[in-house]
Structures are given as C-alpha cells and as structure tokens.
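For reference, the structure discussed in these notes is given below.
Model, not experiment: these values are computed from the prediction. To find a chain, count down the sequence lines: A is the first, B the second, and so on, and within it residues start at 1.
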Amino acid sequence: MNMKYTITTPLYYVNDKPHLGSSYTTIACDAIARFQRLNGNNVLFLTGVDEHGQKIERTAESKQLMPQLHCDEITEKYKYLWDKLNISYDRFVRTTSAEHSALVHQFYSKVLKADDVYMGRQSGWYCVGCEEYKDVDKDDKKPICSIHKKELEWRDEENLFFKLSKYQEQIEKLIQIDGFISPKSRKNEIINFVSKGLKDFSISRINLKWGINVPGNKEHTFYVWFDALLGYVSGSLCDQTSPELTDKSLCNWPANIHVIGKDILRFHAVYWPAMLLSAGMETPRSVFGHGFLTREGQKMGKSLGNVLDPIELLEYGGIDAMRWYLLRDIEFGEDGDFQMRRFVDIVNSDLSNTIGNLLNRTITMSKKWFNDKIPVDATLLAESPLKYQSELRINQYMKSFKDSNFKNSANAIIELANSANLYLNDRAPWKLIKDIANKEIVAHDIYCVLESCRIIAILLNPFVPDLSIRILNQLKIDSSTINFQQALHWGMLDPDNGLQNPSPVMEKIEFNET
RNA sequence: GUCAGUGUAGCUCAGCUGGUUAGAGCACAGCAUUCAUAACGCUGAGGUCGAGAGUUCAAGUCUCUCCACUGACACCA
C-alpha cells in the first residue's frame with residue numbers, strides 16, 4: 001500500500017515541563033504511528049513545541065532568562081522524555097525556528113491575498129494565562145479569570161483580524177463529515193458552537209516582542225494560536241529548509257489525524273480548517289479530542305500538589321507498564337482516572353502473569369523436551385483451535401485500532417493469551433510427555449502456543465514496543481523488519497529456529513503506597 | 001440557567017429495540033497444582049442496577065421528578 005500517513009501531537013506549550021497529560025497524548029500518537037507503519041504505510045509522525053506568547057515571555061522573565069533560553073531548556077525536557085518513552089516521532093517542530101517563521105510569513109501572505117485580514121480594535125479584559133479576551137462586565141474593577149484564578153488585564157489595542165465568519169458554511173459542512181471529529185460526543189458540541197455563528201478572531205498582538213513579526217505591521221506579532229497551528233504545516237513540508245507552499249512541497253499534507261486534548265478541540269476543528277481554506281490548502285482529515293486524566297479521583301493541579309510526574313512514574317513502573325496502562329485501561333476519548341493500585345494490578349496481571357508467564361512456561365517445556373527444535377507436523381497446524389483464536393483476535397484488534405479504540409484492541413491480545421494458557425491447561429503436555437509415544441502431539445501443542453506468543457508479541461508492538469522486542473528475542477525472531485501483512489499469518493514461526501533461554505520478560509511491579 | 005452525556009459488584013466497564021435467579025476482567029477467599037514469574041486452572045463471596053414516583057403481566061432497559069459528576073453555551077463574579 002505505502003500510503004502517506006501524517007499524524008500529529010499538539011505542539012506543546014513550553015510554559016512548563018511536560019506532564020502526564022502530554023505524555024498520554026504522545027504515547028497514543030506513537031501507538032498509532034507504529035500501527036500505521038506496521039501496516040506498511042509511510043508515516044510522518046510529527047510532534048514539537050509551541051514557544052511564543054506573552055505567557056512564555058513572562059515565565060522567562062520570572063526565571064531571569066532570555067525567552068529563547070527558557071524555551072531551549074523546556075524543549076530539552078520534552079525531547080528527553082519522549083526519548084525515555086520510546087516515542088518514534090519523525091520530526092520535532094519548534095516554532096522559534098527560522099523555517100517556521102518563514103513559513104508563517106508565506107502563509108500569511110496567502111491569507112492576505114484572499115482578503116481575509118483586516119485591522120480592527122479590541123478592548124476588554126484579557127487573561128494572559130488563556131491568551132484570550134474574557135467576556136466579563138466592563139465595569140468590573142478587578143475581574144479574575146475563572147480558569148487561572150488570576151487578575152485579568154485591561155487591554156485596548158489594535159489587532160489584525162481573520163475573517164472566520166466568511167467560512168461559516170464551509171466549516172459547517174466540514175464538521176458534519178463522518179469521522180472528521182472524534183469522539184462523537186465532542187462533535188456535537190462543536191456543531192452546536194458553530195451553528196451559533198462564527199466570529200472573526202484576532203491573529204495579532206501589539207507590544208509583544210516574543211512572537212513572529214507581522215510583515216507590514218511593525219508593532220504586531222502573530223497571536224500564538226495562529227503561529228502554533230502552522231507548526232503542523234512547517235513540520236510536514238517535504239523540505240523544511242525552504243518553506244514554500246506549493247503542491248509539491250506539501251507532499252505530507254494534509255494531516256490524517258491531529259490528536260489533541262479536548263480543551264483545544266475548537267482551535268483544531270474550526271479555526272484551523274478555516275485558516276487553511278483561506279490559504280487555499282487542504283484541511284486535515286480528522287481531529288481526535290481525547291479526555292483528561294485525573295488522579296485517584298481528583299483533578300491534578302499544582303494547587304492540590306498531586307501532580308504525577310511522568311518521569312517518576314516511568315522510574316517506578318517502567319516504560320512498558322506506563323504505556324500499557326494508559327492505552328489499555330483508559331477509554332481513549334473519555335476522561336480517565338489514574339489509580340496507582342490499579343496501575344500495578346493491571347500491568348502485573350496482563351503483562352507478567354498472563355503474557356510473560358505464558359511465554360516462560362512454554363519455552364521451558366520446549367527446551368526441556370525438544371532441546372531447540374520442535375518436530376512439528378505442518379499438516380496438523382491448520383486445524384489448531386489456537387489458529388482460529390488468533391485470527392479472531394487479530395480481526396478484533398485491527399478493527400478496534402482503526403477506530404482508535406486502544407482498550408478493545410489491547411483486550412484482544414489478552415484474550416489470545418488467555419486462550420493459549422487455557423489450551424495448555426487443557427492439553428497438559430507435561431502429562432502427555434510421560435508417554436514417549438505422545439511426543440509428536442506434544443510438539444504440535446507446544447508449537448501452537450509458541451506461535452500464539454509470536455503473534456501476541458507482534459500485536460503488542462504498537463503498545464509496548466520494548467516488551468514486544470523482548471518476547472521476539474526469546475523466540476529468536478528478528479524484530480527489525482516486521483510488518484503486519486506478513487507476520488500475522490499462522491505458522492510463520494520456524495520450528496528449527498531455536499529459542500533463547502527463558503527469563504521473565506516482564507518483572508512484576510511492587511505496590512507501595514506513596 | 002439552557003442543552004447534552006454519565007451514574008450497574010471494592011476498581012475499570014458490558015448489558016441492542018423492556019422478558020426466566022443482572023454479566024466480564026482485575027482485586028479478594030477457598031481448592032488444586034508445577035510446565036511456569038506464589039504464575040496458569042477451577043470454585044466462591046461481592047450489586048435494593050444514583051434516589052423517588054409512574055406506565056406495564058413484566059423495567060437496569062420506557063416516562064416524569066430529583067440528586068451527583070462531566071462538558072458545551074448563556075449569565076454572574
């Protein structure tokens with residue numbers, strides 16, 4: 001097939017170090033990217049950071065750093081974490097890069113040509129945290145932002161405006177398209193919002209140095225959102241060094257999916273497509289707004305002091321545990337609750353007890369009775385109930401994964417492992433082998449279970465690539481070139497290939513309350 | 001305030017157009033047990049299905065009211 005498939009995480013705001021929420025989004029994207037690659041698609045997996053805006057400027061100031069240095073510092077933390085989480089991104093976009101600002105200028109000139117920009121005046125109470133004007137009473141003397149609990153600032157300034165209202169009908173049509181906005185519940189909210197009439201929005205700020213300058217308007221810099229969203233384009237250009245918005249240069253555009261948190265869905269599903277329409281570019285194929293994570297039933301926040309640091313979690317449970325738990329136990333799209341007890345239980349049960357132990361017990365038997373080779377009768381393979389099971393579960397897995405239903409996909413893997421465990425208990429090869437006449441039957445049984453393990457390892461790959469490779473290594477399978485189309489056929493395991501000595505592929509996590 | 005969604009075992013959730021003793025996984029208890037990471041397997045205990053009222057021969061499943069949580073919009077701060 002070899003289709004181009006472009007997937008993006010949000011460009012994370014470098015106001016602070018990465019938190020569990022951004023890790024969650026990024027892990028989900030990584031799973032999708034890996035899944036698509038295994039399906040033979042040519043994937044461009046894009047992530048990056050959004051570095052401009054007043055909030056950054058002030059944060060840097062409070063740290064007595066130049067904004068750029070502050071951004072560099074935080075950007076490094078993101079890169080470090082993505083590295084630790086084995087995120088297979090292809091490009092990392094920085095909105096402070098020269099290429100990016102060149103692209104923003106190019107894009108802006110297109111929007112200008114479309115006659116979609118005008119100078120307007122905006123006054124009102126402004127929240128720097130939100131980077132947004134708030135609808136509050138003008139007579140109020142000390143209004144406070146309901147989200148940030150900070151005092152608002154009075155602003156009265158000239159801004160450039162983008163004619164969002166002009167795209168009312170086109171946006172209405174776009175958001176109706178089946179699959180454009182997921183999950184469905186959020187789609188309805190956006191439709192509702194758009195139906196009330198789109199208002200033009202400002203795309204520039206004055207008196208803000210930390211931003212990309214607006215050509216022709218010295219005092220102005222671009223509003224962070226206008227700037228940040230374009231990072232998706234600058235990151236997906238074929239040749240990033242010479243940003244030109246032509247059909248050729250846009251070979252990775254449009255994005256197949258923007259994965260974001262539910263809080264910024266409107267920017268992605270409404271503002272962003274309108275901007276692209278204005279510039280005569282294609283709109284993204286889909287936008288997925290996932291839910292938020294709470295911790296032990298409570299919102300995570302600095303004020304509550306219950307923020308879960310991804311690095312800490314990683315050190316505690318390991319990368320496979322973290323990735324597995326987030327993808328397997330939390331409904332993608334819905335809000336989810338992180339519970340330490342459950343984290344430990346789920347990971348131990350699924351990865352150590354069900355899958356790890358299955359592999360371990362089977363390899364042990366194989367080594368004990370057949371040394372390295374399994375004398376299996378190939379003609380019998382086609383009739384194994386495990387063959388049927390694996391096909392059933394592969395189907396379930398594929399179907400669910402395409403809907404970004406990671407939970408159900410992961411369940412399919414566990415079901416297959418359960419079946420294999422049951423099969424062993426049922427066949428009891430350790431009893432059969434006592435009669436040497438049964439050796440062939442036992443070989444067949446062992447082979448079928450090992451083959452199930454191989455398929456399990458491959459299906460696990462997008463979820464927990466490290467564990468997947470550890471399993472394949474024990475089966476002495478080269479993990480560097482696998483793809484679904486070839487690898488998911490029953491009977492691909494070479495019986496003469498030999499096996500590595502078994503050692504637990506997944507250590508258990510010990511639960512300790514902290 | 002308006003609209004939408006959710007509320008089912010300790011935890012995470014299934015239960016389509018109403019129909020016999022409400023399900024799964026995890027956790028827990030007991031049994032069994034080595035091929036295996038005290039793992040796998042079997043058995044079991046656990047729910048007045050958010051509350052109340054109504055429709056019906058029959059409601060987790062339909063109607064109404066209320067409560068809690070989540071979100072959107074509006075309003076206020």
Distance in angstrom units between A:Asp345 CG and B:A27 P, rounded: 6 Å
Atom-pair distance (CE on A:Met340; C1' on B:G10), nearest Å: 19 Å
Pairs involving residues 357-368 of chain A, ordered by first then second residue, that meet salt bridge (charged side-chain N to carboxylate O under 4.0 Å, His left out) (sequence neighbours left out): A:Lys367-A:Asp372
RNA chain B base-pair string [pairs: Watson-Crick or G-U under 3.5 Å; |: paired with another strand]: (((((((..((((.....[...)))).((((.........)))).....(((((..]....))))))))))))....
Sugar-phosphate or base contact per nucleotide [nucleotides 31-44 of chain B; S, B, -; heavy atom under 4.0 Å]: ----BBB-SBSS--
Between B:A27 and B:C42 - P atom distance, rounded Å: 14 Å
For atom CG of A:Leu265 and atom P of B:A4, their distance in whole Å: 20 Å
Distance, C1' atom - from B:A51 to B:C57, rounded to whole angstrom: 26 Å
Sequence neighbours excluded, every pair satisfying salt bridge (charged side-chain N to carboxylate O under 4.0 Å, His left out) that has a member inside residues 499-508 of chain A: none
P atoms of B:G52 and B:G60, separation to the nearest Å: 12 Å
Nucleotide B:G25, atom P - distance to CG of A:Leu416 in whole Å: 17 Å
All N/O pairs under 3.5 Å across the protein-nucleotides 12-16 of chain B interface:
| residue | atom | partner | partner atom | Å |
| --- | --- | --- | --- | --- |
| B:U12 | OP1 | A:Gln339 | NE2 | 3.3 |
| B:U12 | O4' | A:Arg342 | NE | 3.2 |
| B:U12 | O4' | A:Arg342 | NH2 | 3.3 |
| B:U12 | O2' | A:Lys407 | NZ | 3.1 |

Electrostatic pair A:Lys476-A:Asp494, nearest N-O below 4.0 angstrom: no
P gap between B:G44 and B:G25, integer Å: 12 Å
With A:Tyr423 via ring-ring contact (aromatic ring centres under 6.0 Å, His included) - residues at least two apart: none
Same-atom distance (P) from B:A53 to B:A58, integer angstrom: 16 Å
Between B:U61 and B:G54 - C1' atom distance, rounded Å: 16 Å
Presence of salt bridge, A:Asp466 and A:Arg470, under 4.0 angstrom: no
Span that lies between the C1' atom of B:C49 and that of B:G18, in whole angstrom: 14 Å
Partner set under salt bridge (charged side-chain N to carboxylate O under 4.0 Å, His left out) for A:Arg186, not counting sequence neighbours: none
All pairs passing salt bridge (charged side-chain N to carboxylate O under 4.0 Å, His left out) where residues 162-183 of chain A contributes a residue, at least two apart: A:Asp115-A:Lys163, A:Asp116-A:Lys166
Inter- and intrachain pairs under salt bridge (charged side-chain N to carboxylate O under 4.0 Å, His left out), touching residues 13-28 of chain A, at least two apart: A:Asp16-A:Lys302
Chi class for B:G15: syn within 90° of 0, otherwise anti: anti
side-chain hydrogen bond (donor to acceptor under 3.5 Å, both in side chains) pairs, two or more places apart, involving residues 410-420 of chain A: A:Gln389-A:Ser419
Qualifying residues under salt bridge (charged side-chain N to carboxylate O under 4.0 Å, His left out), relative to A:Asp309, sequence neighbours excluded: none
Sequence-distant partners of A:Phe288, ring-ring contact (aromatic ring centres under 6.0 Å, His included), two or more places apart: A:Phe332
Pair A:Asp329 + A:Arg342: basic N to acidic O under 4.0 Å: yes
Integer-rounded Å distance: B:A24 P and A:Asp350 CG: 18 Å
Atom-pair distance (CG on A:Asn188; P on B:C3), nearest Å: 16 Å
Value in whole Å for how far the C1' atom of B:C26 lies from CH2 of A:Trp324: 14 Å
Pairwise C1' distance for B:U37 and B:G46, with rounding to whole Å: 29 Å
Atom pair distance, as rounded to whole Å: OH in A:Tyr325 and C1' in B:C26: 12 Å
